[in-house]
There are 2 protein chains.
Amino acid sequence: MKKVSISDIARKAGVSVSTVSFVMNDKAVKMRISREVIEKVENVAREMGYRPNQLARGLRTGKTKTIGLIVENISNAFFATLAKTIEDEAKKYDYKVVYCSTDNDDEKARDLINMLSQRQVDGYIITPTPELAQEIRKLQAENKPVVLIDRYFPEFNEIPAVLVDNYEGVAAGTEYLVGKGYRKIAIVTIENEMAHMKDRLRAYYDVLRRHDIAVDETLVNIVPYHAGRDKSLQQIQDLFKGAGTSIDAVFFLTNYLGVLGIEAIKNMQIRIPGQLALLCFDDNDIFRLYTPTISVIRQPIEAIGQKAMATLIERLKHTGSEVYPGADPIQLLPELIARESI
Amino acid sequence: MKKVSISDIARKAGVSVSTVSFVMNDKAVKMRISREVIEKVENVAREMGYRPNQLARGLRTGKTKTIGLIVENISNAFFATLAKTIEDEAKKYDYKVVYCSTDNDDEKARDLINMLSQRQVDGYIITPTPELAQEIRKLQAENKPVVLIDRYFPEFNEIPAVLVDNYEGVAAGTEYLVGKGYRKIAIVTIENEMAHMKDRLRAYYDVLRRHDIAVDETLVNIVPYHAGRDKSLQQIQDLFKGAGTSIDAVFFLTNYLGVLGIEAIKNMQIRIPGQLALLCFDDNDIFRLYTPTISVIRQPIEAIGQKAMATLIERLKHTGSEVYPGADPIQLLPELIARESI
DNA sequence: GATATGAACTAAATCGATTTAGCGAATAAA
DNA sequence: TTTATTCGCTAAATCGATTTAGTTCATATC
């Protein structure tokens, strides 16, 4: 049994295809279709279970009512929550979301943009990879609205971006550690050349300097992106060996690294916060449930998703009519959640 | 700047649209297009950044190279991993996956099927909700392959299903508890009328009976699906009050409930496994990292995803040509991971 | 020299919708 | 009675691809 099309309905109802289209799109009144015909068509459509083909509709109208969401990794709790928020938000505006992960690979990101472009999505929300600026410019040139999320390109502000205030978050966290009397504060971050991570690191340096604490570069630990689980864990455990002597606190700059940190303390049986204080950027179920509970800088994920979506919708509404004036990224404030690990 | 279409390429290259189509689809040789023309077209297409419109292609060919994946909740770790596996697997066969969540709501599930159907996906992988059988039959009638995942309808086997062997998993878990000497074994399960959960519960009863352990119905705790976090937690804490006296072990039948169990032991400071032994169906990061580590029955998520995808692809290949003979659900064996909580 | 064969392309139908322009009948205005 | 309007609906173009059935030359065959 084949799917029913608009012409099947037209034939069965004894009217033209156009009439069916008008009725299905609530333009019947405007086109002064008579009450009887409207009812006839609606009945036939219901009986036959007619569902308009969105490919045909999209082809004709140039709108698919779909937006493409590109994140780094959808199985990461942060991005999963973000995706869910965006999807819920999109539904309010009657848009559907298609999402996919880059794994922070430029090549993969380009492929995904390609794929979404071929599928004619109406707009994009993108967590960019380092070299993606060119590709995103092309989308703008094609008049497709784009909103960056979680990351941004400081050198070009033609594209709106929504993210947490990374600098403020890490500054607040570092201040908190300093305020609690810690001086030998180690940092664990992931290798990433992008601005949002530089902002985080910069905040750390600035706060130490502000308090006249000498910066010890051996305390700045950068985990290679492709190190793999075991190697990364090892690097953290090596750092932890100095607990109580060369370091007294560790600030993890990402969620993923913080979880590895927990594995490390578990493996090494380090007393937290006795021997070592712990703080992590970005919350996670585990941090709330672990013993001791882990203090975090919480990102306002829902707010980020909502703001990004609202920005995109705004641009979707008057697409082409006006050019985005360019603006600084929208940076939302994070929240310090003090738990037992400090 | 508008997007480039096939006719733009044709015009610029000075050939017909058909010729461009043949070149782009590697049918140039078969259609004996000359080497020069092929190169000309390829160059023009590359220069202009041509990317075929998949809506048009899908409309014409009737194939979108897309499959719809419907899960219960994409932000749940089990389904997130499953989705990732299926996506990776799909890519091998050159298919793209669109996924969405039902929240176990029949109405929502029907809407999602509708939406995917309108978008002309080629096939479906569905975690069904209780009343979804009719809707799925319609898809079959339209000649769209469907594979059920994680759950199934015992009363109709016309649709292939791939899932863990729930009965065996819970049987093995219960046997393990009994073998360790526990006799007052409580069960915590979620309210769900579907076969896979009934299978889990049935296994519990069967094993107790096999060991001549009297079943105490007060030990069987069913958490209402829409109870909400706090109420569910309360129900588990109420159960835990009997630790050491009326109960000596608790078997959580889902991941989500197990995590609540951890919150409960944390809140109540219960010694595990001293006062109470814990076992959970379906693994989770937290279970591996918590102190004590929690023993689990691990589902073979990757295998389930792969098998489901392979089954779907098989049906996609000869769509329409033959009817699925009908078969029992494919049930894959889970693995008991013994940790410290028993 | 007429005809058949083959090489290298192209025209046009098609998929299923939307949308503009227009047609015939009924009614109103002149 | 003729002309203009309004009503209620339809024909046909269009979106951007794929695909079948030709068409036009050039060459080979008899």
Side-chain angles (χ1 to χ4, degrees), chain A residues 2-42 44-45 48-66 117-122 142-143, chain B residues 2-42 44-45 48-66 117-122 142-143:
Chain A
K2 279 271 298 177
K3 253 184 176 162
V4 287
S5 77
I6 195 170
S7 55
D8 295 328
I9 307 299
R11 201 171 312 118
K12 186 107 176 232
V15 298
S16 76
V17 165
S18 338
T19 303
V20 177
S21 176
F22 295 138
V23 172
M24 300 313 292
N25 292 287
D26 292 327
K27 294 186 178 155
V29 174
K30 196 175 121 204
M31 297 312 266
R32 21 185 179 213
I33 308 295
S34 68
R35 184 120 300 283
E36 310 111 80
V37 172
I38 293 179
E39 273 166 20
K40 176 80 188 159
V41 170
E42 281 173 346
V44 172
M48 300 186 74
Y50 170 61
R51 295 193 284 247
N53 182 326
Q54 296 295 338
L55 299 188
R57 186 201 285 252
L59 178 59
R60 176 62 231 239
T61 62
K63 302 261 154 275
T64 53
K65 282 287 181 183
T66 301
S117 160
Q118 294 194 171
R119 284 184 157 72
Q120 316 299 120
V121 300
D122 295 339
E142 279 174 10
N143 239 312
Chain B
K2 279 269 300 176
K3 253 186 177 162
V4 287
S5 77
I6 195 169
S7 54
D8 296 327
I9 306 299
R11 203 172 309 118
K12 185 107 176 235
V15 298
S16 75
V17 164
S18 337
T19 303
V20 177
S21 175
F22 294 140
V23 173
M24 299 314 291
N25 292 287
D26 292 326
K27 293 186 179 158
V29 173
K30 196 174 122 204
M31 294 316 255
R32 21 185 178 220
I33 308 295
S34 68
R35 184 121 300 282
E36 312 111 77
V37 171
I38 293 180
E39 275 166 19
K40 176 81 186 159
V41 170
E42 282 174 345
V44 172
M48 301 187 73
Y50 171 61
R51 295 194 283 247
N53 181 324
Q54 295 295 339
L55 299 187
R57 187 200 284 253
L59 178 58
R60 175 62 230 239
T61 62
K63 301 259 154 277
T64 53
K65 282 286 179 182
T66 301
S117 160
Q118 294 195 169
R119 284 185 158 70
Q120 317 297 123
V121 301
D122 295 340
E142 278 174 10
N143 238 312

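Chain letters run A, B, ... following the sequence lines, proteins first, then strands; residues in each count from 1.
Taking side-chain N and O atoms only, N53(B) has no distance below 4.0 Å to OP1 or OP2 of dC15(D). Within the 4.0 Å cut-off from OP1 or OP2 of dT10(C), at least one side-chain nitrogen or oxygen of T19(B) is found. An OP1 or OP2 oxygen of dC9(C) is reached within less than 4.0 angstrom by a side-chain nitrogen or oxygen of S34(B). Using a 4.0 Å cut-off, no side-chain N or O of K27(B) falls inside it from OP1 or OP2 of dT18(D).
Taken to the nearest 0.5 Å, the OG1 atom of T64(B) stands 11.5 Å off from the CZ atom of R57(B). How far CD1 of I33(B) is from NZ of K40(B): 15.5 Å, rounded to the nearest 0.5 Å. For the atom pair OG (S18(A)) and CE (M31(A)), the distance works out to 8.5 Å, reported to the nearest 0.5 Å.
If you measure from atom CZ of F22(B) to atom C1' of dA17(D), you get 12 Å, rounded to the nearest angstrom. Computed from coordinates, the M31(B) CE to dT10(C) C1' distance equals 10 Å when rounded to whole Å. Summarising the geometry, the separation between CD1 on I6(A) and P on dT10(D) is reported as 12 Å, rounded to the nearest angstrom. Rounding to whole angstrom units, CG of residue L55(A) and P of dT18(C) are separated by 13 Å. Rounded to whole angstrom, the span from the CD atom of Q118(A) across to the P atom of dA17(D) amounts to 10 Å. To the nearest angstrom, C1' of dC9(D) lies 6 Å from CD1 of I33(A). Residue Q120(A) contributes atom CD, which lies 17 Å from atom P of dT18(C) at whole-angstrom precision. Look at CE on M24(B): it is 16 Å from P on dG16(D), rounded to the nearest Å.
As judged by a 4.0 angstrom heavy-atom cut-off over every strand, S21(A) is placed among the base-contacting residues.
Distances were taken from every side-chain heavy atom of N25(B) (C-beta onward) to each of dT10(D), dT20(D), dT18(D); the shortest belongs to dT18(D).
Counting only distance, with no hydrogens or angles, the side chain of K3(A) and the backbone of S117(B) share a donor-acceptor pair below 3.5 Å. Under a 3.5 Å cut-off, the side chain of N25(B) and the backbone N or O of K27(B) do not form any donor-acceptor pair.
The 5' end of DNA chain C is approached more closely, in terms of each residue's nearest nucleotide, by V37(B) than by the other of V37(B) and R60(B). Sequence order on DNA chain C of the closest nucleotides to V15(B) and A56(B) puts V15(B) first from the 5' end.
A donor and an acceptor atom sit less than 3.5 Å apart, one in the side chain of S18(B) and one in the base of dA11(C).
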